[in-house]
Amino acid sequence: MKIGIVGATGLVGQKLLTLLENSLLPIDELRLIASQRSLGKKLPYRGKEVDVIPLSDRVFASLNLVFFMATKDVAKKYAPLAIKNNCVVIDNSSYFRLNPEVPLIVPEVNIASIKNEHALIANPNCSTIQLVVCLNALAKINPIKRVEVATYQAVSGAGRKAIEELKSKIRDYNNKIVFNAVPHIDDFDKSGYTKEELKVIFETQKILNQEFPISCTAVRIPVINGHSESISITFENEVNILSVHQIFKNSENIIVIDDIENNKYPLVEDCQGRQEVFVGRIRKDFSNPNILHLWCVADNLVKGAAANALQIAEKCFKQKIFGW
Ligand SMILES: NC(=O)c1ccc[n+]([C@@H]2O[C@H](COP(=O)([O-])OP(=O)(O)OC[C@H]3O[C@@H](n4cnc5c(N)ncnc54)[C@H](OP(=O)(O)O)[C@@H]3O)[C@@H](O)[C@H]2O)c1
C-alpha cells in the first residue's frame with residue numbers, strides 16, 4: 001500500500017507514524033505531508049529518516065490511503081482532491097463528521113457502516129470515542145435512556161502548541177490553563193454549549209444510531225495527555241453492577257480498574273500510549289436504581305485519535321473493503 005499522512009508533524013500525526021511501524025498494513029511507501037512551515041524536516045520511520053513534503057494538489061498521486069491529521073480547513077480543501085486521485089481518506093478533523101453521507105466510525109461499534117463506495121471515513125472526536133466504547137458495551141445489557149457526561153480534557157487535545165504553552169506558562173499564575181479547570185473547549189454556540197460539547201452529543205448519537213438525550217460539559221484541565229470523563233447513564237431497567245463488570249470485562253478494548261479498597265481507579269498515567277479505554281468507580285445512583293455512574297479514562301492521542309484511525313484502516317484491509 002501507498003499511504004500518506006497529512007499533518008505528519010502534529011501530535012496525532014506523529015502518534016500515527018509510531019503506530020504504523022508495527023501495523024499489519026503492507027506499506028510500500030509512506031508519504032509524510034505537512035505545511036510549508038515543515039519544509040526540510042525529516043521524521044523517523046522504521047529506522048530511516050523520511051522527508052516531510054509540503055501539502056499541494058500534487059501530493060496525492062498514486063496513494064491508496066491518506067490519513068488527514070491536520071485542521072478542518074485542510075480537510076475541507078484537500079480531502080476532495082485526494083478522493084479525486086482515487087485515495088481513500090480517513091479524516092481526523094471535525095469537518096465531515098456529521099455529514100450524513102460520511103460514516104463516522106469507532107471500530108468496536110460500527111465498522112459495518114463502511115461500504116466499498118465510501119471514499120471518505122470520519123474519525124470521531126477524542127471524547128466521543130471513549131464514551132461510545134463504554135456506552136456500546138452497556139447498551140448490550142440494558143437499553144440506554146439518557147447520558148450525562150462531564151469531560152476533564154488534557155491540553156494535548158488542543159495540539160502541539162497547547163502543550164508547549166502549558167509547559168512554558170507553568171509558573172505564570174495569570175495564564176488561564178495553569179492550576180485551573182476551564183469549562184470552555186472550542187467556540188461557544190448560541191445554544192450556550194461549546195462546539196466540543198455539541199460534538200460529543202451529536203457524534204455519540206450518530207455512531208450509536210440512537211437518539212437518547214445526552215448532556216455534556218467539557219472542561220480543559222492542566223494535564224498534558226489523557227482525557228477523563230465522569231459518565232452517568234440512565235437505563236430503562238434497574239442497574240445490575242455485577243453484569244456491568246462482566247460486560248466490560250468481556251468487551252474488546254475495555255479495561256476495568258475498580259478496587260476502591262486499595263484506592264485503585266483509572267488515572268491518566270494508566271492510559272499513556274494504550275489503545276484501550278479504562279473504566280472504574282462503577283456505582284449505582286443513590287436515588288434512582290436505573291442510573292449508573294462511572295469514571296472513564298483514555299489516551300486522547302491514541303484511542304482518541306491515531307489508533308482509532310489506524311484500526312479503521314486495518315479492519316478495512318482485513319475485510320478487503322477497498323480491495324487493498
Ligand atoms: N490532539 C488530539 O487529542 C486530537 C484528538 C482527536 C482529533 N484531533 C484532531 O486531529 C487533528 C490534528 O490534531 P493535532 O492535535 O495533531 O494538532 P497539531 O499538533 O497542532 O498538528 C497539526 C498538524 O496539521 C498540520 N497543518 C496545519 N495547517 C496545515 C496546512 N495549511 N497545510 C498542511 N498541514 C497543515 C501541521 O503541520 P506543521 O507542523 O507544518 O504546522 C501539523 O502537522 C485536528 O483536526 C484535531 O482537531 C486531535
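What you see below is based on every heavy atom in this structure, not just the backbone, and it leaves out hydrogens, waters and symmetry mates.
Checking side-chain atoms of Glu203 against main-chain N and O of Asn125 turns up a donor-acceptor pair under 3.5 Å. Checked by atom type and distance alone, the side chain of Asn85 pairs as donor or acceptor with a backbone atom of Leu81 at under 3.5 Å. Between the side chain of Asn110 and the main chain of Val106, a donor-acceptor pair closer than 3.5 Å is present. Checking side-chain atoms of Asn240 against main-chain N and O of Leu242 turns up a donor-acceptor pair under 3.5 Å. Remark: side-chain polar atoms of Lys115 are paired, donor with acceptor, to backbone N or O of Ala112 under 3.5 angstrom. Remark: side-chain polar atoms of Glu229 are not paired, donor with acceptor, to backbone N or O of Val149 under 3.5 angstrom. Side chain of Glu197 to main chain of Thr194: a donor-acceptor pair is present (N/O by atom type, distance under 3.5 Å, no hydrogens or angles). No side-chain donor-acceptor contact under 3.5 Å links Lys48 to the backbone of Leu43. In this structure, Asn308 contributes its side chain and Ile105 its backbone to a donor-acceptor pair below 3.5 Å. When atom types are taken as modelled, the side chain of Asn300 and the backbone of Gly226 share a donor-acceptor pair closer than 3.5 angstrom.
Considering all non-hydrogen atoms of both residues, Phe60 and Val66 come closest at CD2-CG2, 3.9 Å. Minimum interatomic distance between Pro266 and Ile257 (heavy atoms only, all atoms of both residues): CD-O, 3.3 Å. Of all the heavy atoms in Ser215 and Arg146, the pair that sits closest is CB-NH2, 3.6 Å. Taking every heavy atom of both residues into account, Ile221 and Ala181 meet most closely at CG2-CB, 4.1 Å. For the residue pair Tyr95 and Ala75, the shortest heavy atom distance occurs at CB-CB, 4.5 Å. Nearest heavy-atom pair, Lys140 versus Ile247, reported as atom, atom and distance to 0.1 Å: CB-CD1, 4.3 Å.
Annotation: side chain of Tyr78 is not in contact with side chain of Val6 (no heavy-atom distance under 4.5 Å). Contact of the Glu148 side chain with the Ile231 side chain is not registered, since no non-hydrogen atoms from C-beta on lie closer than 4.5 Å. Here the side chains of Ile254 and Glu276 are not in contact, with every heavy-atom distance at 4.5 Å or above. Counting heavy atoms from C-beta outward, Gln275 and Gln311 have side chains that approach closer than 4.5 Å. Contact annotation: the side chain of Ser243 never approaches that of Ile241 to less than 4.5 Å [non-hydrogen atoms, C-beta and beyond]. Proximity of Asp28 to Met1: side-chain heavy atoms (C-beta onward) are nowhere separated by under 4.5 Å. Side-chain atoms of Thr217 and Thr151, non-hydrogen and from C-beta on, never get closer than 4.5 Å to each other. You'll find the side chain of Leu292 reaches within 4.5 Å of the side chain of Val244, heavy atoms only.
For the atom pair Asn142 CG and Thr234 OG1, the distance stands at 10.5 Å (nearest 0.5 Å). Here Asn92 contributes atom CG and Leu16 contributes atom CG; the two are 9.0 Å apart, rounded to the nearest 0.5 Å. A distance of 3.5 Å separates OG of Ser156 from CG of Asn225, quoted to the nearest 0.5 Å. Taking CG of Leu98 as the start and CD of Gln205 as the end, the distance is 10.0 Å to the nearest 0.5 Å. To the nearest 0.5 Å, the span separating OG on Ser56 from CD1 on Ile33 amounts to 8.5 Å.
The side chain to side chain donor-acceptor pair (under 3.5 Å) check on Asp270 picks up nothing, with sequence neighbours excluded.
Heavy-atom contacts from other residues, nucleotides or ligands closer than 6.0 Å to OH of Tyr45 number more than 12. Atom CD of Glu211 is surrounded by 12 or fewer heavy atoms from other residues, nucleotides or ligands within 6.0 Å. In the displayed structure, Ile260 atom CD1 is contacted under 6.0 Å by at most 12 heavy atoms of other residues, nucleotides or ligands. A 6.0 Å sphere centred on CZ of Arg281 holds no more than 12 heavy atoms belonging to other residues, nucleotides or ligands. Taking a 6.0 Å sphere around NZ of Lys284, one finds it holds more than 12 heavy atoms contributed by other residues, nucleotides or ligands.
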Next item on the list: Report the C-alpha distance between Ile129 and Leu131 in whole Å, list the side-chain angles of each, state the deciding distance to 0.1 Å, and finish with yes or no for side chain to side chain contact (heavy atoms under 4.5 Å, CB included).
Entry: CA-CA 5 Å; Ile129 293 177; Leu131 175 65; over 6 Å; no
Margin query: Using the rule given for salt bridge (Lys or Arg N to Asp or Glu O under 4.0 Å), can you reason through Asp189 versus Lys195, listing the C-alpha separation, both sets of side-chain angles and the distance that settles it, and then say yes or no?
Written below: CA-CA 6 Å; Asp189 176 74; Lys195 287 190 178 162; over 6 Å; no
Margin query: Could you go through Arg46 and Glu21, starting from their C-alpha distance and side-chain angles, then the distance that decides it, and tell me whether this counts as salt bridge (Lys or Arg N to Asp or Glu O under 4.0 Å)?
Written below: CA-CA 6 Å; Arg46 290 187 177 163; Glu21 298 228 356; 5.5 Å; no
Margin query: Set out, in order, the CA-CA distance, both residues' side-chain angles and the distance that settles salt bridge (Lys or Arg N to Asp or Glu O under 4.0 Å) for Arg31 and Glu29, then state yes or no.
Written below: CA-CA 6 Å; Arg31 216 168 283 170; Glu29 185 189 332; 2.9 Å; yes
Margin query: If you apply the rule salt bridge (Lys or Arg N to Asp or Glu O under 4.0 Å), what do you find for Glu252 with Lys315, and how did you get there?
Written below: CA-CA 14 Å; Glu252 196 185 352; Lys315 291 222 174 183; 3.5 Å; yes
Next item on the list: Please assess Gln14 against Thr9 for the test side chain to side chain donor-acceptor pair (under 3.5 Å), listing each intermediate value before the final yes or no.
Entry: CA-CA 6 Å; Gln14 295 213 20; Thr9 51; 5.8 Å; no
Notebook entry, point to check: For Ser232 and Asp285, what are the C-alpha separation, side-chain angles and deciding distance, and is it a side chain to side chain contact (heavy atoms under 4.5 Å, CB included)?
Noted result: CA-CA 9 Å; Ser232 298; Asp285 192 76; over 6 Å; no
Margin query: side chain to side chain contact (heavy atoms under 4.5 Å, CB included) for Ile291 and Phe235? Distances and angles first, verdict last.
Written below: CA-CA 6 Å; Ile291 295 181; Phe235 293 97; over 6 Å; no
Next item on the list: Under the side chain to side chain donor-acceptor pair (under 3.5 Å) rule, what do Asn253 and Glu108 come out as? Steps first, then yes or no, please.
Entry: CA-CA 8 Å; Asn253 291 334; Glu108 294 88 338; 2.7 Å; yes
Next item on the list: Start with the C-alpha distance between Ile121 and Val89, add both sets of side-chain angles, then the distance that settles side chain to side chain contact (heavy atoms under 4.5 Å, CB included), and finish with yes or no.
Entry: CA-CA 6 Å; Ile121 300 157; Val89 168; over 6 Å; no
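Placement of Val109 and Leu104 within a single hydrophobic cluster is found when ILVMFWY residues are connected by side-chain heavy-atom separations under 4.5 Å, directly or transitively. Under the 4.5 Å side-chain heavy-atom criterion for grouping Ile, Leu, Val, Met, Phe, Trp and Tyr, Val302 is not connected to Ile312 through any hydrophobic cluster. If you chain together hydrophobic residues whose side chains sit under 4.5 Å apart, Val256 and Val268 never meet in one group.
Applying the salt bridge (Lys or Arg N to Asp or Glu O under 4.0 Å) test to pairs two or more places apart or on separate chains, none has a residue in residues 116-130. Pairs engaging residues 113-152 under the ring-ring contact (aromatic ring centres under 6.0 Å, His included) rule: Tyr152-Trp295 [sequence neighbours left out].
A donor-acceptor pair shorter than 3.5 Å can be found between the side chains of Asp91 and Ser93.
Residue Lys199 forms a side chain to side chain donor-acceptor pair (under 3.5 Å) with just one option from Thr128, Thr204, Asp186, and that option is Asp186.
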